[in-house]
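A short worksheet on the structure shown next.
Bear in mind that the values here come from a model prediction, so they are computed numbers and not experimental data. Worth knowing before you read on, the calculation uses all heavy atoms, side chains too, and leaves out hydrogens, waters and symmetry mates. If you read the sequence from its start, that first residue is 1, and numbering goes on from there.
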Amino acid sequence: MRPSLMRSASQVLRRRRGYSSASGQPERKVAILGAAGGIGQPLSLLMKLNPLVSSLSLYDIAGTPGVAADVSHINAPAQVKGFMGDDQLGEALEGSDIVIIPAGVPRKPGMTRDDLFNINAGIVKNLCTAIAKYCPNALVNMISNPVNSTVPIAAEVFKKAGTYDEKKLFGVTTLDVVRAKTFYAGKANVPVTDVNVPVVGGHAGITILPLFSQATPATNALSDEDIKALTKRTQDGGTEVVEAKAGKGSATLSMAYAGAVFANACLKGLNGVPDVVECSFVQSTVTELPFFASKVKLGKNGVEEVLGLGQLSDFEKEGLENLKGELKASIEKGIKFANA
């Protein structure tokens, strides 16, 4: 690829993700736990491209030296180091400002997010125990599914360690927002780059509630049936990809993109950029549930403010009530596992 094309591609990547110049920015270390996996590898690539990252720490149980060597050859500022195995986890984490966790097994055809629970819950518990020890002040971006349970697991681990700060623990639900934006733009025939759609609730099936009544730019082109179909497609987006890949993977590339978008927002918040708002699954008083995804204002300490739901349509109000039982059970399942 010609240098001019490479520069052009880099500029497009930065513009699309809202990346700003790194000049004058504080140094930031980002650690990715599960960096050699299906989400971890493209996520490592995208975080290497982010000019706000000065140090990129890639950890996994195997394969990370190769991923780190590969990514380190990219002519972007972040310094890359690879770490492998339990004995190197502490070094991977020390000094991290943000820890992103895509570790665990992916969904396969026929699997629900609950089927992932027994494997991924144990992995998350162990990794969070290490985070509490080696970088207790880091922002933690949880990607490992089921997020509705793994975030409560992380919270309980941090509470036991005496390091829990609800402002610094995030369930990454950005892929639901990315899908809602894409599907809405396609149906409403509006430019996708101009679209914003809040997505609230949780990060699995009916707990995912896109608020299309609050989508911008607003449109009168969508019927009630269109909204119902868009909602269902957003909720089933992960299954759509799993089935399309026919047993050979899950939503890895779009998840990596979404993870990079959310991590970039966290970095901007840490660096004092004003009015950074993203949806995320966090400790919340927006509903009676202890954790809930809604719009969150990000700042120098993580969560600056958890924003309310705003005005909902009747369809969305019904969806909100319908999701609470499943989300409550998933949260309780995580808490019970962490305290077993």
Would a 4.5 Å heavy-atom cut-off, applied to side chains only, mark Tyr59 and Val99 as touching? no
Short side-chain to backbone donor-acceptor contact, Glu316 and Ser213, under 3.5 Å: yes
Should the heavy atoms of other residues, nucleotides or ligands under 6.0 Å from NZ of Lys295 be counted, would the total exceed 12? no
Can a salt bridge be assigned to the pair Glu288 and Lys328 using a cut-off of 4.0 Å between side-chain N and carboxylate O? no
Not counting sequence neighbours, which residues clear salt bridge (charged side-chain N to carboxylate O under 4.0 Å, His left out) with Asp70? List them please. none
Among Asn126, Ile101, Leu169, find the residue that satisfies the side chain to side chain contact (heavy atoms under 4.5 Å, CB included) test when tested with Ile131. Ile101
Test salt bridge (charged side-chain N to carboxylate O under 4.0 Å, His left out) applied to Asp97 - qualifying residues, sequence neighbours left out: Arg28
Would you call Lys336-Glu332 a salt bridge at under 4.0 Å N-O? no
Verdict with reasoning, Leu327 to Thr287, per side-chain contact (heavy atoms from CB on, under 4.5 Å): CA-CA 11 Å; Leu327 184 51; Thr287 69; over 6 Å; no
With no hydrogens and no angle check, is any side-chain donor or acceptor of Ser57 less than 3.5 Å from a backbone partner on Ala92? yes
Can Lys297 and Glu305 be counted as an ion pair, charged N to O under 4.0 angstrom? no
Inspect the surroundings of CD in Gln311 and state if more than 12 heavy atoms from other residues, nucleotides or ligands are less than 6.0 Å away. no
Using the side chain to side chain contact (heavy atoms under 4.5 Å, CB included) rule, pick out the option among Leu89, Val140, Ile61 that qualifies with Leu33. Leu89
Between Thr150 and Asn120: side-chain donor-acceptor atoms closer than 3.5 Å: no
For residues Ala185 and Pro191, report the shortest heavy-atom separation together with the two atoms involved. CB-C, 4.5 Å
